[in-house]
Amino acid sequence: MSPLSPEDLLAIRLSLQVALTATVLALPVGFAVAYLLALTNVRGKAVLEGIVNLPLVLPPVVTGYLLLLLLGRNGWLGHFLGLFDIRIIFTLRGAVIASAVVGFPLLVRSIRIGLEGIDKQYIQASRTLGAKWWDTLFTITIPLCSRAILAGTTLMFARSLGEFGATIVLAGNMPGVTQTIPLAIYQYTSTPGGDSMALSLCLVSIVLSFAVLLIGEAANRKLSRR
Amino acid sequence: MSPLSPEDLLAIRLSLQVALTATVLALPVGFAVAYLLALTNVRGKAVLEGIVNLPLVLPPVVTGYLLLLLLGRNGWLGHFLGLFDIRIIFTLRGAVIASAVVGFPLLVRSIRIGLEGIDKQYIQASRTLGAKWWDTLFTITIPLCSRAILAGTTLMFARSLGEFGATIVLAGNMPGVTQTIPLAIYQYTSTPGGDSMALSLCLVSIVLSFAVLLIGEAANRKLSRR
Amino acid sequence: TINLSVAASMTNAFNELIAGFSTAHPDAVLQPNYASSGSLAKQIEQGAPADIYVSANPKWMKYLLEKGLIVKGTDRIFAYNKLVFIGEKRSADLSLDNLVSLERIALGSPQSVPAGQYAKQAMEHAGIYAKLEQERKLIMAKDVRQALLYADRGEVDGAFVYRTDARLATTAKILFTVPDDLYDRVQYPVGLTTTGTKNDQAQAFYDYLNSPEAITILTNYGFEPIH
Amino acid sequence: MFLHVDVEKKFEGFQCRVDFSLQSEKCGVFGPSGSGKTTLMHMLAGLLQPDRGIIKLNDMTLFDREAGINLPAEARRVGVVFQHAHLFPHMSVKKNLFYGLNRIPVQQRNIDPEHLISVLQVENLLNRSVAKLSGGERQRVALGRTILACPHLILLDEPLSGLDGMLKYQIIPHLRRVFAEFSIPMLFISHSLEEMRLMTEEVLVMNNGLIENQMSTEELARTKLGCGGRGYTNILRLESPEDLGKLLSYRWGDVPLMLVKTEKPAAGEFALNSRDILLFKKHPEATSARNMLPCIVRKTYQTDWLVGVELDCQGNTIITEIVPQSLDELDVRPGSEVVAVFKASAIQRLY
Amino acid sequence: MFLHVDVEKKFEGFQCRVDFSLQSEKCGVFGPSGSGKTTLMHMLAGLLQPDRGIIKLNDMTLFDREAGINLPAEARRVGVVFQHAHLFPHMSVKKNLFYGLNRIPVQQRNIDPEHLISVLQVENLLNRSVAKLSGGERQRVALGRTILACPHLILLDEPLSGLDGMLKYQIIPHLRRVFAEFSIPMLFISHSLEEMRLMTEEVLVMNNGLIENQMSTEELARTKLGCGGRGYTNILRLESPEDLGKLLSYRWGDVPLMLVKTEKPAAGEFALNSRDILLFKKHPEATSARNMLPCIVRKTYQTDWLVGVELDCQGNTIITEIVPQSLDELDVRPGSEVVAVFKASAIQRLY
Ligand SMILES: Nc1ncnc2c1ncn2[C@@H]1O[C@H](COP(=O)(O)OP(=O)(O)OP(=O)(O)O)[C@@H](O)[C@H]1O
Ligand SMILES: Nc1ncnc2c1ncn2[C@@H]1O[C@H](COP(=O)(O)OP(=O)(O)OP(=O)(O)O)[C@@H](O)[C@H]1O
Ligand SMILES: [Mg+2]
Ligand SMILES: [Mg+2]
């Protein structure tokens with residue numbers, strides 16, 4: 001196995017950065033969506049659920065393509081963002097969005113299961129004790145489903161580390177700018193003789209996600225022991 | 001939008017066939033692994049968990065490549081299977097295996113959550129009523145986590161419908177033989193004027209998985225009402 | 001059965017070539033497999049059934065030759081391609097020299113995509129590559145199709161693609177053809193695998209690729225046939 | 001306290017329509033399972049929106065459909081103690097206790113936490129995890145948590161029905177002591193007549209979603225005497241204990257009573273069931289009973305199976321029950337003299 | 001039945017070490033919370049493996065560490081009724097009932113399901129979903145399910161402690177009737193002396209993981225008399241009811257007794273608490289008590305606070321309690337004559 005080149009190290013850093021940012025950004029939105037799906041009775045829940053799960057169903061490249069249509073310079077959202085000089089594609093922002101979208105269904109599903117398991121009387125109790133809804137949310141609801149949130153977060157983080165298809169379409173494959181581990185691996189494997197380099201990065205990827213999953217498990221055990 | 005060509009219909013049929021077979025085959029294994037992870041205390045659970053989650057973390061193309069190394073004619077398992085004249089790569093079998101492996105972590109996680117929610121006293125009760133362990137498994141454990149199994153199954157089925165990366169590497173992209181919807185979409189995008197055809201197939205894919213998710217939800221509601 | 005492993009960029013041409021060959025040999029069953037050159041090479045390396053390997057990247061052909069999976073002497077170039085620059089039609093005429101005036105230019109990653117390699121070569125010859133790279137104007141795509149997609153969607157001001165691919169564009173037009181002398185010739189090698197040499201029909205198809213009929217088809221799709 | 005409620009709520013197959021006013025500080029809602037007690041409580045606390053009507057507490061309108069007023073739960077200052085405590089499992093006992101208190105403005109905090117904690121005797125539990133409390137401890141903490149939120153009214157929804165017999169009697173004293181000391185109005189929901197008797201002065205009797213009756217708890221207890229063989233529980237305040245070796249003597253007003261010495265002597269409230277009291281015309285002799293109290297019959301009243309007899313025992317009131325035949329045999333009528341006889345072991349400490 | 005147990009099991013911070021033999025068909029395990037009752041039960045049922053020792057039931061060795069024998073739960077034919085019923089929620093009542101029966105060979109099915117179902121009075125529930133049963137119905141179905149598996153021994157782990165007072169007394173008759181009719185040996189686990197009294201003949205008293213004592217339930221009840229003010233429950237079999245208008249008369253052996261007419265007259269077992277019985281030297285006059293039974297003192301015994309007195313009432317036995325002083329005052333000693341006096345309302349139907 002070859003040692004890691006400086007570009008590889010950069011790719012690792014970028015990957016971690018992307019996965020972390022994507023997870024952190026997706027978390028509040030994911031929580032909100034899970035909350036809608038689990039605890040409210042809004043019309044059209046089934047449709048929302050379907051849309052959330054789309055990235056799971058579509059090949060990631062197609063997801064990337066759809067995101068490009070939406071966020072590209074001529075996409076309607078991209079056009080709008082362009083007015084504020086915010087560019088998504090070919091930037092790390094694009095990689096973050098691609099990762100976030102693809103990992104989103106996993107995050108939502110985990111949190112949703114957690115929310116569905118909360119006894120509503122805890123929430124009622126806190127309301128009658130004078131807590132406003134956001135107060136209840138932060139002091140009761142979120143702590144009570146912290147294990148599920150944790151599970152969803154690690155899952156999404158791991159998934160983000162491995163995101164390839166959507167990222168390469170939306171963010172491009174630019175070494176040092178948007179080239180994350182999976183993109184670097186891809187590049188190595190499309191060069192004859194690059195296999196051993198690819199393998200090193202694969203191992204890094206595996207080790208990273210093992211670490212994340214194990215840390216998640218440990219934290220989970222700690223939470224459950226409380 | 002263009003109407004679907006006969007090849008498209010074939011791709012849809014193949015996709016359904018692959019997703020269905022992959023799901024059906026993965027179900028018992030997934031259940032067994034989830035059971036190990038949820039209800040037993042075997043050593044090395046963390047390692048097993050890590051391995052199960054690998055396909056989630058690795059880019060599907062890499063997963064496909066690793067499967068190719070394992071199951072190719074020169075791979076050690078592929079060599080062994082070759083002795084019995086069983087060929088995996090470039091066959092529908094390969095597509096099934098690719099789908100099964102990639103969807104596996106989703107299946108296992110769902111079932112696991114379900115199993116962890118079962119009150120052990122039901123299991124103890126059935127044992128003291130004279131049921132052997134496999135009897136208990138089929139009459140108590142499985143029915144009690146049927147909702148989780150259902151959720152995992154629909155999730156995996158939907159994921160299988162969208163599987164691209166691992167499939168193209170392991171099973172190849174052979175029209176009429178191993179070309180599933182995502183592969184057909186890929187091919188259309190490299191054909192002049194193929195975009196609208198690609199879009200049609202995308203929509204088919206979306207409709208199919210929406211249908212599966214909705215059927216799943218409906219069945220779930222029915223199960224919960226019991 | 002003839003198992004064909006064909007680079008995805010030749011999907012259309014080969015669909016027609018296969019149809020043409022089949023009319024002449026009704027009993028022949030051709031099974032194409034379209035994927036990236038690298039994937040195909042690896043599949044062949046792992047024992048996937050293949051009689052004929054058609055690559056868009058001579059490096060992968062060399063790789064398989066070295067592994068002894070393509071029979072020495074059967075490998076040959078059967079088509080050429082040209083590099084063009086596409087983008088939206090603009091008032092001022094564009095050439096390699098004034099590319100620096102553009103904001104973003106897409107090309108395949110030079111390390112892994114041959115088209116990117118050729119484009120880099122051409123720009124280096126024109127003495128603009130370093131400047132473009134420094135100014136981060138170059139957008140690296142995973143393959144030519146993706147570069148094309150970017151240009152077609154207007155995400156970039158232009159992209160280096162093959163002439164054959166340019167035909168897939170719906171809005172983008174060919175702005176100029178890169179002068180031949182600035183880069184090595186774009187070559188498409190074909191070769192017979194060890195199983196292919198034992199397959200008469202594969203041999204026949206291999207020969208068919210040199211027939212006038214095949215040359216016409218290839219030309220129709222924008223390839224430059226061998227003379 | 002002044003509470004006025006006139007609301008309606010329909011569910012599929014069930015309709016709750018109530019209209020009442022309450023002024024007593026110690027009220028109860030009594031009714032069988034499924035009569036709508038919890039539904040009513042949820043509407044009062046703001047956890048369930050009535051279909052129509054108004055709810056007023058003191059000079060605050062909590063709900064008024066017409067006027068479009070619907071104060072959210074957190075603004076109503078109506079506390080709730082749930083059947084299963086529902087302590088927040090991720091917080092320590094202390095954090096649970098102070099959850100409500102920390103959420104009201106300082107100038108409105110009219111409860112002294114230290115004092116409440118000592119009244120509830122939960123000092124030693126403060127740093128414990130909630131999971132490690134016994135059932136009785138849980139309910140005490142839940143009660144404290146609700147009270148510390150300084151509510152204008154506390155609703156208790158069968159707070160004792162999850163506890164087994166012994167525990168129940170250990171928790172009632174805490175409840176009574178707290179409501180006596182801090183004088184917070186309450187609405188105590190239960191289907192146990194016994195709990196009702198011990199906790200409230202006035203009751204709403206619910207059935208099938210309607211208020212069937214509104215009366216004093218005393219009256220309800222006397223009416224229900226004999227139902228299910230429970231009898232009527234006389235509650236006696238006993239003082240000045242004296243240790244007589246195997247027995248204890250207490251004073252009930254001016255009347256001396258004998259009790260078995262099963263515990264440390266201490267003044268408090270005690271229960272004496274009407275079932276355990278025999279009436280004699282004359283002072284009996286040579287009996288194992290240690291308590292023989294000359295009384296004057298104040299009045300008699302008919303219940304379903306038995307006759308209730310209210311006695312005056314040197315100014316104290318005591319209720320017993322006799323079979324109708326004994327009425328004539330013993331000449332029991334207002335003004336007549338009888339002797340109430342019961343064993344030392346018949347008097348049980350409430351708390 | 002013959003049960004021999006000599007096992008040990010260690011947990012962190014708790015050790016269970018028991019060694020006993022039982023022959024009675026109606027045995028109990030009595031002990032406070034945390035004394036190891038459930039741990040013992042799990043070892044008997046095969047749900048928990050002892051660290052060492054042997055368990056023998058009749059002529060079958062269920063567990064023998066030395067010999068390497070450890071029959072799995074399903075082969076032990078030891079049934080369990082859990083505290084919270086734990087009926088299978090995905091099956092109807094009927095499927096639950098027959099779950100065990102369907103799993104044993106036909107020739108070993110020695111219980112008639114129809115008969116059991118009628119004894120348990122669950123005929124009308126058969127097609128119901130389990131979720132729609134009340135607490136008492138659930139426990140009856142759970143009991144039926146266990147019995148239909150035709151076990152050689154049934155373990156009941158506090159099957160009543162999840163039910164509230166009234167329900168408890170509705171279910172006990174079913175339990176007693178079933179065990180009487182089908183004569184299945186049982187081990188009844190509880191920390192309620194009252195339940196123990198009603199269900200068992202012999203008890204193991206557990207404390208802190210050890211068997212502290214093994215005695216007849218009767219003896220235990222007599223010893224514990226006065227503890228927590230519960231008294232001793234005399235259980236009377238009453239027959240030949242006669243309607244006397246407001247009262248009912250029954251016969252207790254040859255002794256006539258008066259009861260309040262709160263229900264349809266019917267023979268059965270009734271409870272009379274020792275606390276409700278007064279002793280007189282002579283037949284008292286002009287009293288509200290309807291029952292005055294001349295008795296002969298059989299023996300007296302000391303308990304912690306009181307003196308227990310066993311009386312012979314025309315061949316029937318009755319236990320009451322008096323304060324030590326009364327012993328002399330009434331001259332209560334073996335052979336002396338006394339009159340036991342109690343009210344008609346003091347006798348309560350058990351079932
Ligand atoms: N959200 C709801 N939807 C439909 N019906 C309901 C709902 N909540 C309560 N009910 C019905 O209203 C009736 C009264 O319920 P409620 O809980 O108020 O009774 P309760 O008096 O508190 O009984 P318990 O003593 O058993 O707690 C019941 O028949 C119940 O089925
Ligand atoms: N699996 C276990 N691991 C560790 N300790 C245990 C385990 N099971 C029981 N214990 C401990 O063993 C002791 C006895 O528990 P057990 O459940 O047998 O008591 P019990 O007599 O049934 O009490 P209760 O009346 O409350 O049901 C307790 O202190 C408990 O903490
Ligand atoms: Mg209620
Ligand atoms: Mg127990």
Side-chain angles (χ1 to χ4, degrees), chain D residues 33 134 161-162 164-166 191-192 194 226-229 231 244-247 258 260-263 273-282 284-290 304-307 309 320-327 329-332 338-349, chain E residues 33 134 161-162 164-166 191-192 194 226-229 231 244-247 258 260-263 273-282 284-290 304-307 309 320-327 329-332 338-349:
Chain D
S33 188
S134 75
S161 72
D164 74 8
M166 290 291 283
H191 55 234
S192 152
E194 214 161 354
C227 281
L244 307 179
K246 286 281 176 183
L247 292 176
M258 293 296 179
V260 179
K261 189 183 154 195
T262 52
E263 39 155 37
N273 197 289
S274 60
R275 214 172 65 188
D276 295 341
I277 307 170
L278 269 58
L279 289 190
F280 284 78
K281 193 67 208 158
K282 290 180 304 189
E285 274 166 37
T287 166
S288 64
R290 292 294 94 182
D304 289 351
W305 313 109
L306 291 163
V307 178
V309 183
T320 184
E321 63 195 33
I322 56 177
V323 294
Q325 280 150 290
S326 303
L327 261 185
E329 279 184 35
L330 298 184
D331 186 27
V332 174
V338 289
V339 181
V341 177
F342 47 91
K343 300 177 81 153
S345 56
I347 305 179
Q348 304 284 330
R349 175 180 292 272
Chain E
S33 188
S134 75
S161 72
D164 75 10
M166 292 290 280
H191 55 234
S192 152
E194 216 160 356
C227 283
L244 308 178
K246 284 282 178 184
L247 291 176
M258 294 296 179
V260 179
K261 190 183 156 195
T262 51
E263 39 155 36
N273 196 290
S274 60
R275 213 171 65 187
D276 295 341
I277 307 170
L278 269 59
L279 289 190
F280 283 78
K281 194 66 205 159
K282 291 180 301 186
E285 275 165 36
T287 165
S288 63
R290 291 295 93 184
D304 289 349
W305 312 110
L306 293 162
V307 178
V309 183
T320 183
E321 61 195 34
I322 56 176
V323 295
Q325 280 150 289
S326 304
L327 262 184
E329 281 182 34
L330 299 183
D331 186 27
V332 174
V338 290
V339 181
V341 176
F342 47 92
K343 301 177 81 153
S345 55
I347 304 179
Q348 305 284 328
R349 176 180 291 275

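Just so we're on the same page: letters track the sequence lines, and every chain starts at 1.
The heavy-atom pair separating V332(E) from S326(E) by the smallest distance is CG2-O, 4.4 Å.
In this structure, the portions of L278(D) lying under 4.5 Å from any heavy atom of chain E include both its backbone and its side chain.
A distance of 10.0 Å separates CZ in R275(E) from NZ in K343(D), rounded to the nearest 0.5 Å.
For the pair K261(D) and K246(D), the minimum side-chain heavy-atom distance is 4.5 Å or more.
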Could you walk me through whether V323(E) and L306(E) pass the side-chain contact (heavy atoms from CB on, under 4.5 Å) check? CA-CA 5 Å; V323(E) 295; L306(E) 293 162; 3.8 Å; yes
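When each of R290(D), Q325(D), K282(D) is checked for heavy-atom pairs under 4.5 Å with chain E, R290(D) comes out on top. In terms of heavy-atom pairs under 4.5 Å with chain D, the best-connected choice from V341(E), V338(E), I277(E), I322(E) is I277(E).
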